[in-house]
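Step one of this worksheet: look at the structure below.
Positions are given from 1 along the sequence.
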Amino acid sequence: EKFSKGVRKVTLDDKKPGVQVVSVDAMQAKHTCSVMDPSKDPGNEGGFLVQEALHDVGLLNWRPLWRPLGSLTVLFVCFLIRLQIHYIGNIALLMLLNRPIYEASGSWERWAIRYSPIANKTSVEVGMLCAGPAAAYLFWVLCAFSTWVVSTVFSVDPLVYTFIVLFGFVSSIDPLLVLLVDLLGGHVGSCLVSEFATINIIKDTANLCSVDSLRLWFHFKVHEGNGTTGLVMAVTMYLGMMGIFLVGLYTVVLNVHMKGRILDTFRRLTAREEALLCPLDAEVSLRDMKEILNASRRAHRQIVVTDLLVTYHGLDEKQVALADDDASQQQHFDDRITHIAAYTCPEPVAGSKELPSRFLYRHFLTLPDGAIVELLGEDASSAVSNKVLTSIRNIVQETIPPKFPEAAPKGG
């Protein structure tokens with residue numbers, strides 16, 4: 001907001017300043033860019049993320065029907081993979097601690113791992129409570145990291161992102177899924193023994209309780225006669241782990257899923273107009289300009305760089321009529337614009353002492369904000385003022401004849 005009320009005064013090369021009045025629409029200045037219905041609010045970041053994630057995995061729209069059915073199939077596959085990794089993590093911990101395992105039989109919905117809970121310390125039971133969910137979540141972290149690394153080099157299929165999101169969700173709520181399967185399968189009743197005092201044989205205790213969420217309760221019930229402490233510990237650890245897992249899932253889906261598409265979309269929908277980058281019509285990248293100039297050098301064209309110092313004087317609308325020609329009495333600031341031109345230099349005519357005129361090939365402007373614009377014909381007034389364009393034409397025309405000879409090369 002360098003110009004007061006849309007009035008701009010430009011000075012070039014210490015010449016008499018000219019005043020250019022720019023009309024500004026107040027409603028347009030306060031306009032917020034959006035591609036959504038104005039009556040709809042995208043909501044907070046969390047709700048928008050859940051909605052977009054469900055849309056990406058195909059569970060939000062049921063047309064065409066094959067997409068949600070495919071997503072449900074992927075979800076079921078994720079459930080089976082998570083289950084196997086969960087119980088493999090439990091067995092791995094027991095083997096690492098060199099604890100006796102009496103049975104380890106697996107099926108598609110749960111594993112029956114039988115070991116004696118009364119022969120282990122409390123720390124071992126706590127580890128068994130955390131090993132399964134941690135193993136499943138660690139596997140998901142490795143998959144998400146591998147996907148992110150691959151996406152920086154190659155294009156990743158949307159099905160892979162669907163698997164990452166769905167597997168991350170089921171691994172984050174792994175304790176709840178294990179408990180739900182045990183409840184539906186009727187395995188919880190085997191842990192509810194009426195007479196714990198009669199349990200003396202270690203192997204017998206292994207045949208009683210094989211429910212992960214109740215092993216700690218069973219351990220305290222046998223050793224201390226009251227399993228409330230173990231139940232509170234299990235609930236606290238499960239809630240803590242799921243909270244940490246869901247925060248990690250939220251972070252990955254927000255920043256890594258489809259290269260951060262959800263976060264980028266949310267910012268675009270809620271950003272003010274001035275925060276969005278709108279490239280100019282003839283804007284080019286620095287890389288493209290360098291390639292053009294390097295090709296011109298290889299073709300023995302001449303590169304000329306000219307710096308233009310532009311002085312802007314801010315005026316109020318009431319001051320425009322009273323403004324005098326003394327620009328030094330008004331507030332001003334300077335900007336530097338760089339003009340880069342490539343010229344084709346024809347070979348001198350044999351026997352002539354005069355050097356032939358050079359012809360403009362292509363030319364660019366580097367604006368104060370860093371944007372690079374290629375000057376194409378007369379349509380560049382949207383990037384710079386007419387005063388600046390006049391000075392650029394004078395610079396170019398100093399070395400270019402007003403009309404090209406028919407036989408002159410065009411520098412192609």
Side-chain angles (χ1 to χ4, degrees), residues 34-36 40 42-89 106 108-109 132-178 180-181 241-242 244-271 276-277 279 285 287-288:
S34 175
V35 296
M36 297 183 64
K40 295 182 179 179
N44 57 15
E45 193 174 273
F48 183 80
L49 179 141
V50 173
Q51 178 181 355
E52 289 296 306
L54 290 176
H55 180 273
D56 288 345
V57 300
L59 295 178
L60 193 61
N61 297 326
W62 289 82
R63 292 182 181 180
L65 188 60
W66 62 266
R67 188 176 182 187
L69 292 179
S71 299
L72 292 176
T73 303
V74 175
L75 181 63
F76 182 70
V77 172
C78 293
F79 175 84
L80 297 181
I81 297 176
R82 172 213 57 88
L83 182 140
Q84 305 301 323
I85 297 175
H86 173 97
Y87 289 105
I88 290 176
W108 70 271
E109 83 283 2
Y137 194 78
L138 180 60
F139 179 80
W140 172 77
V141 170
L142 293 176
C143 292
F145 179 76
S146 301
T147 303
W148 173 74
V149 171
V150 173
S151 66
T152 58
V153 182
F154 305 101
S155 177
V156 179
D157 191 90
L159 182 62
V160 177
Y161 286 115
T162 301
F163 172 81
I164 293 298
V165 173
L166 295 179
F167 189 83
F169 175 71
V170 296
S171 62
S172 298
I173 62 171
D174 173 77
L176 286 181
L177 294 178
V178 173
L180 181 63
V181 171
M241 283 191 299
M242 287 191 296
I244 296 174
F245 293 167
L246 290 174
V247 169
L249 175 65
Y250 176 86
T251 303
V252 170
V253 174
L254 188 65
N255 298 279
V256 178
H257 174 66
M258 291 188 174
K259 297 183 178 181
R261 185 200 68 81
I262 296 178
L263 180 59
D264 180 70
T265 304
F266 181 82
R267 287 175 175 174
R268 290 174 183 269
L269 294 177
T270 57
L276 299 175
L277 174 62
S285 66
R287 178 180 178 182
D288 291 341

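Residues Pro158 and Met258 approach most closely at CB-CE, 4.3 Å, considering heavy atoms. The nearest pair of heavy atoms linking Gly89 to Ala135 is CA-CB, 4.0 Å. For the residue pair Val252 and Ala144, the shortest heavy atom distance occurs at CG1-CB, 4.2 Å. Across all non-hydrogen atoms, the minimal contact from Val57 to Leu54 is CG2-O, 3.4 Å. Across Leu75 and Leu166, no two heavy atoms sit closer than the pair N-CD1, 3.9 Å.
Two residues are said to be in side-chain contact when any heavy atoms from C-beta on lie closer than 4.5 Å; Leu159 and Phe163 fail this criterion. The closest side-chain heavy-atom distance from Ile262 to Val253 is below 4.5 Å. Between Ile81 and Val77 the shortest side-chain heavy-atom distance falls below 4.5 Å. Side chains of Leu249 and Trp140 form a contact here, defined as non-hydrogen atoms less than 4.5 Å apart. For the pair Val156/Thr147, a side-chain contact is recorded, criterion being any heavy-atom separation below 4.5 Å from C-beta on. Between Ile164 and Cys143, some side-chain heavy-atom pair lies under the 4.5 Å cut-off.
By the 30° and 60° cut-offs, the orientation of the rings of Phe167 relative to Phe139 is perpendicular. By the 30° and 60° cut-offs, the orientation of the rings of Trp148 relative to Phe145 is tilted.
Formation of a donor-acceptor pair under 3.5 Å by the Tyr87 side chain with backbone atoms of Gly106 is not found in this model. Using modelled atom types, one side-chain atom of Asn255 and one backbone atom of Thr251 make a donor-acceptor pair closer than 3.5 Å.
Few gaps surround CZ on Arg261; more than 12 heavy atoms of other groups in view lie less than 6.0 Å from it.
Annotation: side-chain contact (heavy atoms from CB on, under 4.5 Å) contacts of Leu176 (sequence neighbours excluded): Met242.
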For Leu269 and Phe48, run side chain to side chain contact (heavy atoms under 4.5 Å, CB included): C-alpha distance rounded to whole Å, both residues' side-chain angles, the deciding distance at 0.1 Å, then the answer. CA-CA 11 Å; Leu269 294 177; Phe48 183 80; 3.9 Å; yes
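Applying the side chain to side chain donor-acceptor pair (under 3.5 Å) definition to pairs two or more places apart or across chains, those involving residues 153-175 are Arg82-Asp174, His86-Asp174.
Separating the CD1 atom in Ile85 from the OH atom in Tyr137 is a distance of 14.0 Å, to the nearest 0.5 Å.
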